[in-house]
Amino acid sequence: MNPQIGIVIGSTRPSRFGDKPAAWIHGIAGKRPDLDFELIDLRDYPLPLFDEHGSPAWGPIKNDVAQRWAAKLAGLDGFILVTPEYNHGVSAVLKNALDYAYKEFVRKPVAFVGYGGVGAARAVEQLRLVAAELQMVSVRNAVHIGGNDFLGLWRHDKSFDYFPHLAEAAAGMLEELAWWARVLKNAREKAA
Ligand SMILES: Cc1cc2nc3c(=O)[nH]c(=O)nc-3n(C[C@H](O)[C@H](O)[C@H](O)COP(=O)(O)O)c2cc1C
């Protein structure tokens, strides 16, 4: 079975832009024969701000939405986080969702599609630190939709076809993600 990759939309705002880059990367990724992808919308997992007794790394979580979230993550072999940047950091809703699981992330790869003035570079670098603590492998190549590309897509309703270099960046990122997803899936299965 192909590694299963979840594409997580890191914003839940009613008027979010995040749908656009998520659909775009899903369209590109879906052409790969060696990986399977699904879009994961955090709106479908309305988690409260973290209020469990302790970290999910230490024991089971009680919240039923969080249990459903963890069950979804458990069936995945890797992730693409489609992330905005809020005040030079990670969106609270995405960080909260990451805090709500632990072992479901361990030894799985994670890649990033960031969007914003600087392509969410600061948020992505912060996410790499979080990913290290979750024992994930963050792949080097990312897609940063920034500057005029972001403005064109966000404010002027341009299509991704105007910015072919973004698809090139996506191809490089997906190549790395595929390698790590395969290697880590095999290793996890061997160790089990
Ligand atoms: C609370 C807040 C803080 C923001 N801070 C930044 C920022 O630090 N850097 C940036 O590039 N854009 C920033 N923006 C603008 C976002 O890039 C833009 O609103 C984008 O659409 C947010 O993604 P979303 O619509 O998917 O939620 C901010 C937006 C919000 C709502």
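Numbers for residues simply follow the sequence, beginning at 1. Only this structure's heavy atoms are used, side chains among them; waters, hydrogens and symmetry mates stay out.
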Checklist line | Shortest non-hydrogen contact from Pro56 toward Ala101 | finding: CG-N, 3.6 Å

Next item on the list: Measure the acute angle between the ring planes of Phe163 and His165, then classify it against the limits of 30° and 60° as parallel, tilted or perpendicular.
Entry: perpendicular

Note to self: Less than 4.5 Å apart, side chain to side chain, heavy atoms only: is that true for Ile80 and Met173?
What the structure shows: yes

Next item on the list: Quick one: pull up CD1 in Ile5 and CG in Leu76 and give me the separation to the nearest 0.5 Å.
Entry: 7.5 Å

Checklist line | Spacing of CG belonging to Asn2 relative to CZ belonging to Phe37, to within rounding of 0.5 Å | finding: 9.0 Å

Check: Donor-acceptor pair, Gln135 side chain versus Phe105 backbone, under 3.5 Å?
Finding: no

Next item on the list: Determine whether the aromatic ring centres of Trp69 and Tyr45 lie less than 6.0 Å apart.
Entry: yes

Check: Do you know the tightest heavy-atom contact between Leu42 and Val93?
Finding: CD1-O, 4.0 Å

Notebook entry, point to check: Is there a donor-acceptor contact under 3.5 Å from the side chain of Gln126 to the main chain of Val124?
Noted result: no

Checklist line | Salt-bridge criterion met for Lys62 and Asp51 (N-O under 4.0 Å) | finding: no

Item checked: Side-chain ion pair, Arg122 and Glu125, N-O less than 4.0 Å -> no

Next item on the list: Verify side chain to side chain donor-acceptor pair (under 3.5 Å) between Gln4 and Asp36, making sure each step is shown before the conclusion.
Entry: CA-CA 5 Å; Gln4 309 292 304; Asp36 294 340; 3.0 Å; yes

Notebook entry, point to check: Would you say Arg188's side chain and Arg107's backbone share a donor-acceptor pair under 3.5 angstrom?
Noted result: yes

Checklist line | For the student: nearest non-hydrogen atoms of His144 and Leu166, plus distance | finding: O-CD2, 3.9 Å

Check: Under 4.5 Å between side-chain heavy atoms, hopping through other hydrophobics if needed: is there a path connecting Leu129 to Val110?
Finding: no

Checklist line | Donor-acceptor contact below 3.5 Å, side chain Ser91 vs main chain Gly10 | finding: yes

Note to self: Are the side chains of Asp77 and Leu35 in contact, using a 4.5 Å heavy-atom criterion?
What the structure shows: no

Margin query: Membership question, hydrophobic clusters at under 4.5 Å side-chain separation (ILVMFWY): are Phe160 and Ile7 in the same one?
Written below: yes

Next item on the list: Mind running side-chain contact (heavy atoms from CB on, under 4.5 Å) on Ile145 and Val113 for me, showing each step along the way?
Entry: CA-CA 7 Å; Ile145 305 166; Val113 174; 4.0 Å; yes

Notebook entry, point to check: Is it true that the side chains of Glu52 and Tyr100 contain a donor and an acceptor less than 3.5 Å apart?
Noted result: no

Note to self: I'd like to know if Asp44 and Arg68 make a salt bridge, using a cut-off of under 4.0 Å between side-chain N and carboxylate O.
What the structure shows: no

Margin query: Return the CD1 to CG distance between Ile9 and Leu94, rounded to the nearest 0.5 Å.
Written below: 11.5 Å

Check: Would you find more than 12 non-hydrogen atoms of other residues, nucleotides or ligands less than 6.0 Å from Asn148 atom CG?
Finding: no

Item checked: Donor-acceptor contact present, side-chain Glu176 to main-chain Asn141, <3.5 Å -> yes

Notebook entry, point to check: Can you hop from Leu151 to Val118 via hydrophobic side chains spaced under 4.5 Å?
Noted result: no

Margin query: So which atom in Pro3 and which in Ala181 form the shortest heavy-atom distance, rounded to 0.1 Å?
Written below: CB-CB, 3.9 Å

Margin query: Using the rule given for side-chain contact (heavy atoms from CB on, under 4.5 Å), can you reason through Trp179 versus Val139, listing the C-alpha separation, both sets of side-chain angles and the distance that settles it, and then say yes or no?
Written below: CA-CA 10 Å; Trp179 193 91; Val139 307; over 6 Å; no

Margin query: Between Tyr115 and Val82, is the side-chain contact (heavy atoms from CB on, under 4.5 Å) condition met? List the steps.
Written below: CA-CA 8 Å; Tyr115 54 90; Val82 180; 3.8 Å; yes

Check: Is the CZ atom of Arg32 crowded by more than 12 outside heavy atoms at less than 6.0 Å?
Finding: yes

Note to self: Rounded at 0.5 Å granularity, tell me how far CG in Leu134 sits from CG in Asp99.
What the structure shows: 8.0 Å

Notebook entry, point to check: Would Leu177 end up clustered with Leu39 when hydrophobic side chains under 4.5 Å apart are linked, directly or stepwise?
Noted result: yes

Next item on the list: Please check if atom CD in Glu133 has more than 12 non-hydrogen atoms from other residues, nucleotides or ligands closer than 6.0 Å.
Entry: no

Next item on the list: Could you tell me which non-hydrogen atom of Val90 sits nearest to which non-hydrogen atom of Ala123, and how far apart they are?
Entry: CG2-O, 3.7 Å

Note to self: Please determine whether residues Val137 and Leu98 belong to a single hydrophobic cluster, defined as Ile, Leu, Val, Met, Phe, Trp and Tyr linked transitively by side-chain heavy-atom distances below 4.5 Å.
What the structure shows: no

Checklist line | Short side-chain to backbone donor-acceptor contact, Gln67 and Pro60, under 3.5 Å | finding: no

Next item on the list: To the nearest 0.5 angstrom, please state how far the CG atom of Leu81 sits from the CZ atom of Phe112.
Entry: 5.5 Å

Check: Are any of the side-chain heavy atoms of Tyr86 and Arg13 separated by less than 4.5 Å?
Finding: yes

Notebook entry, point to check: Can you tell me how far CG of Leu127 sits from CZ of Phe79, rounded to the nearest 0.5 angstrom?
Noted result: 13.0 Å

Notebook entry, point to check: How far apart are the closest heavy atoms of Ile28 and Ala170, and which atoms are they?
Noted result: CD1-CB, 4.2 Å

